[in-house]
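A short write-up of the structure that comes next.
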Amino acid sequence: MTALLAVEGLTKSFGGVRALDECSFEIAEGSVGALIGPNGSGKTTAFNVITGYQAADAGGLTFRGRAVRRPDPCRLQRLGLARTFQQPRVFPGLSALENVVLGRNQPWHALLRDRVPGPDRRRAEELLDEFGLAAHAHMPAGRLSYGQRKLLEFAGVLMAEPVLVLLDEPTAGVNPIMVKTMEDHIRRRHAQGVTFLIVAHEMQFVMSLCDPVIVLDHGRRIACGAPGEVQKDPRVLDAYLGD
Amino acid sequence: MTRPGPHSRIRPAGTIQAVAFVAVVAVLPLITGQHWLVSLLVFTVMYAGLASAWNLLGGYAGYPALGHGAFFGVGAYAMAIGTSHLGVGGGYRPFVLIVPIAVGTALVVLPIARLLLRTRAAAFAVLSITLMFMVQTLAYNIRSLTGGSSGLIVPLAPFPAAIFERPFYYAMAALLALTLAVCWVVRTSKLGLALNAVRDDEDRARGLGVQTELVKLVAFAVSAGLTAAFGAVWAYYITFLYPGFAIDPLLALGAILMAFLGGRRTLWGPVVGAALIGPAQQYFAYRFGASQLYLVAYAALFLLVIYLLPEGIVPSLARRLRRLRRASPAAATHDQVATDSIFSAGDLG
């Protein structure tokens, strides 16, 4: 299988701290990758740099076989790379339905068309239904619970039918049932051909769902492989349990 | 299927509101022959339009623009220069200038807007008001064009004294109708949805593929162009321009106060706010003009609005109406609260 996303030597410093230090990895098409590591190991920074929210100091990335020179969130999303955030981000003043509809890409000349055209509405309603949010379709997203906002953010990202979805801690701060729900959603979408890269802390979730597992420590990739191998890797044990 | 269903942009309630509004605005100046009253109406309608135009950028997109006085002044000076230097002629002909002035301002402002819109929130507010003072300083100093601090005179319109204000009133009213139509189109379109997304979380909107740069630029330019159009009519009505008067920081503040009071997330909010504050402002300026005490009243009102009616009058009223309706036997089935959605915000939205 070919690499859908290839990251080469990404480096990013904040003052004296190297958040990413020549970090490289690849995500094959059709896989569900995990990005794990101790706190502060550079996982979210990697997401931010890959999606163009922060500029890298060095290194580059290739997405769908194309070198992305200056990653830009809007352009990348239109190429099929979507992401969620660690703290769920929704548009609090818009209804849940509109939150999802926004995910649909629009050409500039469609800007004066209906705010929520029929086909988009139906598609968004399907997604809300799938994520168990249909009852809240017309509620302002700001009124949803934390877990519901996480689901809504995920649903919105799927509206554009992305090729690769980066999920930043989809299971953080939600109850065990919600973790299972998230896993089901990811599995269903994966079965439909969507590739995932997931930052997560719940090892059980990662080990049962993800392959490959990429381990970062101090901004460097210290291990990469099947969950079973990574778990036994002495460097990984050291990073998590060592000093 | 293209039949207008429940989700159509044009709703019966909205159509009735629009027709009623046009009828009221058209008849208002005919009721009284009192010059001061009609003059008050001219300014109130102008402020309703300015507040609505400001709302495109300040309300829908949430960019705290404080410098709309600059665009108003540009429109005013363009009108004065057009009528006195370019020899457009008198009578109704200067009104034709409104179109090129509005379009020209919208286009000229684009590169400046691109620069300003790289900043957000407080930085944007400061830069926008700085822009206004820069334009004011230019007006003081480019004496050959603006007359500097000695001012610029626009030829007095040759309208009959008995109904002198009417042409200006109807010009302002037509611009208000245009502004509201623009606001309505924006609100009910993808553009409005994108602007609301920018207001709520611009970075996430970018990550969802929303063309934030483009929609912000459009909102800025259209807002500025409409503001300039009002400035142009105002100049012809006032007939005397002075930089500190034509390019006034209080213009944006007044418009913002009206939008906030009425409800900046709604179509009619700025109009309601202007209808309440406009006459009061004129009255206070007239009574206490020299001491500018009315500014204190402004500040007090602003604080009250933010403290008691953070959403504004229109959304609060709409919610109360919905609650009443729900309490009645024929209760609505949806538990809807005010959002920007044209489908779930009540009929007043």
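FYI, side chains are in, hydrogens and waters are out, and symmetry mates aren't considered; it's all heavy atoms of this structure. Reminder, nothing fancy here: chain letters follow the sequence lines and each chain counts from 1.
For A:P107, the part lying under 4.5 angstrom from a heavy atom of chain B is the backbone only. Residue A:A160: no heavy atom, backbone or side chain, is found under 4.5 Å from chain B. Only the side chain of A:N105 comes within less than 4.5 Å of a heavy atom of chain B; its backbone N, CA, C and O stay farther away. Both the backbone and the side chain of A:R89 come within contact range of chain B, with heavy atoms under 4.5 Å apart.
Annotation for A:E8: atom CD does not count as buried by contact number, only 12 or fewer foreign heavy atoms lying within 6.0 Å.
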(request) Check the pair A:R123, A:E126 against salt bridge (Lys or Arg N to Asp or Glu O under 4.0 Å), reporting the backbone distance first and the verdict last. (result) CA-CA 5 Å; A:R123 174 93 188 95; A:E126 277 169 29; 3.6 Å; yes

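Within the 4.5 Å cutoff, the side chain of A:Y53 has heavy atoms near those of the A:F85 side chain.
Between A:R64 and A:E29 no salt bridge is recorded (no basic side-chain N to carboxylate O distance below 4.0 Å).
Comparing B:V218, B:V185, B:L193 by how many heavy-atom pairs each has under 4.5 Å with chain A, the most go to B:L193. The most heavy-atom pairs under 4.5 Å with chain A, out of B:D203, B:V210, B:T212, come from B:D203.
In this structure, a donor-acceptor pair under 3.5 Å is present between the side chains of A:T171 and A:E202.
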